[in-house]
Amino acid sequence: MNKFFYPRLAFTNIRKNRSIYVPYLLAGALVVSLLYSLLSIAYIVVGAEMRGGAIVGSMLMLSAIICGIFSLAVLFYINSFVMKRRKREFGLYSILGVEKRHISLVMFWEVLLTGGMVIVAGILAGALMSYLLFLLLLNVLHVDAPLTFQIPFTAVAPTVVLFCFGFLLVLLYDVVSVCRTDPIALLHSVREGEREPKTKWVLTLVGFAALGGGYAMALQVKTPSEALSVFFLAVLLVIIGTYCLFTAGSIAMLKLMRKKKQFYYKTKNFISVSGMIYRMKQNAAGLSNICILSTCVLVTLSSTICLYLGMEDILNQGFPRGFSVECTASEQNAQLLEDAVREHAEEYGLTVENGLRYDVLAFPMDWEDGKLQVCSYFSNNTVLAQCIPLEDYNRNFEDGNTTLGPDEILIHNPEGISLGDTLYLEKPYRIAGNADLVQLEDNAIIGYGHLVIVLPSRESMRELLPYVQPEGSKATREIATQYWFDLSGSREEREACYATMRENLLRQVEYLGSTLSRDEARTDYYELYGGLLFVGLFFIALFLLATVLIIYYKQITEGFDDHDRFQIMKKVGMSNREVRSTILKQVLMVFFLPLGMAVVHICVAFPVLCKLLLVFNMTNTTLFIFCTLGTVLVFALLYLVAYSITARTYYKIVQAK
């Protein structure tokens, strides 16, 4: 036998099955190019001397690992569709006398050819695409440093190794699945699933319970810390519920519809319901995957875009003034801090504006049995309390006429925590009224509830100090003086002044704490949120790719399955228009059901996503609503375009004679 027989046969098989293999090759090359681009840019950023390069590079490296794992999953998934259509061909080879080892050789050459084409094309495309993505990264990070683009060959080796390993696993899986299957079973494998599916009520109930439990957990979240602790469990329950309901719940619902005779025994309903029962059995796993992937796209895209577009809102929320300095509180130290800041600004020809100085004592309180109690730890029920004296409240936030008795306090309660009439600290205090202290909300620890308490005097704060010390810890809580202010002048002048501010203040102020700048924080935020957006775009591309591929191969599978039904329905007297209308109705219902379910998922998850965004100090719910709506509309449009394109292949197969 000619030594080139098997390679030629493999190449001929790929060419004759190009309707299946072309999308497979394109998808594989795109996945390889995405991974290579991500690794390439990560190596460039890590090697460049740019501020925040280590953080962004680490983020990209971690994302590359996750991207690589997901890429292998996509590879296996689309290979399963290819093999489903090829098994009948391999079964025919066996019937004609071809041995399993020869079939394995054909499969080896097919995987070698496809894998080689995918890896080479993917790396070449990645080298070109990474330049554009590199420019995009510089733009979203607002990096002024001219980083030189290069093609790091260190990114080639891990990409080649990973996908060689992936294609080796694909080959082993395909060979084992074909060799362990009887030739007759291979020949009829395309017809699997023709028996009417059984109603699995237990699985249906599990699906409703899991989905309901996930929804309930998401809707009951009250604080960001609680959202962090329950979000992943809620997501897991929703995924389980989605799979169970698509697998068993849809069939159970269709069979209930079939039992309603007045509804079922009508021409359109009869054909649609009976066809959908078989269709859902075959496609439940794929449709649930589409639903989960669509939800991932919607959540990732809406959240990252919202964070990036809302960056100025986050900065304004966290920085009511342009600058902040802090020191240990004392009457002499507080005035010294303010004077030192003013003198330092004057050295640079700038003036201090909008000064805001106050003493503050911060400590955690735990919500138990409907009451707040001082505690020494942070948990899911923690509320961060900040106490300021009445004197500072009158000087900074009021008209100076507010008075309090020795056992009275004012409360700023932005989250509406139920407190009653009395709050117990080291002694019971009667809540005399509300205090409008929005400018202090930035000092809350991100992820926890927030409460500001106006105490009658500084002496009250000192009396409270021993009571709020953490138990079993060497660290101590202290009353701090915080001074917020703006500086006149351009950004460059402000940055020059701030660059030497801490060094100057350390020489004059005892126990100087933190020094913060909104301009400096803006750069840090661009690194963090810009990096998240950039990484999110990669995962969105992968999710979209997987979704489109599943839709495409589902359309092909549906086309071959519906071809015979199409011919039978025409023979029993239905017109082409009626048959086309019936099949179109079924296909539309099947393929747009996951999109509808994904929209329901994100609607239910919206409140908990808002709480999670608070972890990033994002409070602009209106912006998040618009980002979510825009994401849903754009994704639905892309979904419709993908369906329309793949539907053409479907109708060509169905109408073939």
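Note that these values count all heavy atoms, side chains included, but never hydrogens, waters or copies made by symmetry. Keep in mind it's a predicted model, so treat the numbers as computed, not measured.
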Give a yes or no on whether a salt bridge exists between R357 and D392, defined as a side-chain N under 4.0 angstrom from a carboxylate O. no

Counting distance only, does the side-chain N/O of R430 pair as donor-acceptor with the main-chain N or O of I409 below 3.5 Å? no

Distance col, row L350:CG vs L487:CG, nearest 0.5 angstrom, shows 5.5 Å

Could you check whether R342 pairs with E346 (Lys NZ or Arg NE/NH1/NH2 to Asp/Glu carboxylate O, under 4.0 Å)? no

To the nearest 0.5 Å, atom CG of L361 lies from atom CZ of R477 at 8.5 Å

- Steps toward side chain to side chain contact (heavy atoms under 4.5 Å, CB included) verdict (V221, V608): CA-CA 6 Å; V221 168; V608 71; 3.9 Å; yes

So OG1 of T515 and CG of L506: to nearest 0.5 Å the spacing works out to 8.0 Å

Self-check item: Any V360 side-chain heavy atom under 4.5 Å of I479 side chain
Solution: no

Is any side-chain heavy atom of M618 closer than 4.5 Å to one of M311?
no

Tell me if a side-chain donor or acceptor on D519 pairs with a main-chain N or O of R491 at a distance below 3.5 Å. no

Side-chain donor/acceptor of Y525 to backbone N/O of I314, under 3.5 Å:
no

- Task: Please test L425 against F363 for side chain to side chain contact (heavy atoms under 4.5 Å, CB included), starting from the C-alpha separation and ending with a verdict.
- Result: CA-CA 11 Å; L425 298 174; F363 53 88; 4.3 Å; yes

T631-T628 side chain donor-acceptor pair, cut-off 3.5 Å
no

Taking every heavy atom of I305 against every heavy atom of C627, the minimum-distance pair comes out as CG2-SG, 4.0 Å

Side chains of P389 and R395 in contact at under 4.5 Å (non-hydrogen atoms)
no

### Message
If you take the centroid of each ring, where Trp contributes its six-membered ring, are F485 and Y483 closer together than 6.0 Å?
### Response
yes

Quick check: does any side chain N or O of S302 sit under 3.5 Å from a backbone N or O of V299, one acting as donor and the other as acceptor?
-> yes

Between C244 and V206 the two heavy atoms that sit nearest each other are SG-CG1, 4.1 Å

Quick one: does F635's side chain get under 4.5 Å of L595's, heavy atoms only?
yes

- Message: Atom OH of residue position Y467 - does it have more than 12 heavy atoms of other residues, nucleotides or ligands inside 6.0 Å?
- Response: yes

Between C327 and L512, the two heavy atoms sitting closest are CB-CA, 4.1 Å

Closest non-hydrogen atoms of V509 and A340, given as atom of the first, atom of the second and distance, are CG2-CB, 4.3 Å

Distance col, row I292:CD1 vs M597:CE, nearest 0.5 angstrom, shows 8.5 Å

Value for CE (M501) from OG (S517), rounded to nearest 0.5 Å, stands at 8.0 Å

**Q.** Within 6.0 angstrom of F606 CZ, more than 12 heavy atoms from elsewhere
**A.** yes

| said: With a sphere of 6.0 Å drawn around CD of E510, does it hold more than 12 non-hydrogen atoms of other residues, nucleotides or ligands? | reply: no

Between the OH atom in Y526 and the CG atom in L533, the distance rounded to the nearest 0.5 Å is 11.5 Å

Salt-bridge present (D486, R494; N to O < 4.0 Å):
no

All heavy atoms of L390 vs all of P456, minimum pair found to be CB-O, 3.5 Å

- Heavy-atom side-chain proximity of E493 to Y348 below 4.5 angstrom: no

- request: Just do the salt bridge (charged side-chain N to carboxylate O under 4.0 Å, His left out) check on D407 and K427 with the steps written out, would you?
  value: CA-CA 8 Å; D407 299 325; K427 64 180 181 179; 3.1 Å; yes

Would a 4.5 Å heavy-atom cut-off, applied to side chains only, mark N434 and L410 as touching? no

**OP:** For E463 and S460, indicate whether the former's side chain and the latter's backbone hold a donor-acceptor pair under 3.5 Å.
**Re:** no

Problem - Flag side-chain contact, heavy atom, 4.5 Å: I453 against I411 - result: yes

message: As a quick check of understanding, evaluate side chain to side chain contact (heavy atoms under 4.5 Å, CB included) for F319 and S324, giving each step before the final call.
response: CA-CA 8 Å; F319 290 84; S324 169; 5.6 Å; no

| field | Heavy-atom donor-acceptor pair, N504 side chain to H344 backbone, under 3.5 Å | value | no

For S294 and H601, which I'm curious about, is there any donor-acceptor pair between the side chains at under 3.5 Å? no

| said: Would L451 and Q386 count as a side chain to side chain contact (heavy atoms under 4.5 Å, CB included) here? Give the steps. | reply: CA-CA 6 Å; L451 195 68; Q386 292 179 278; over 6 Å; no

| field | Aromatic centroids of Y429 and Y424 separated by under 6.0 Å | value | no

Min side-chain heavy-atom separation V634-L301 under 4.5 Å
no

For the pair E353 and R321, find out whether any cationic side-chain nitrogen is under 4.0 Å from an anionic carboxylate oxygen.
-> no

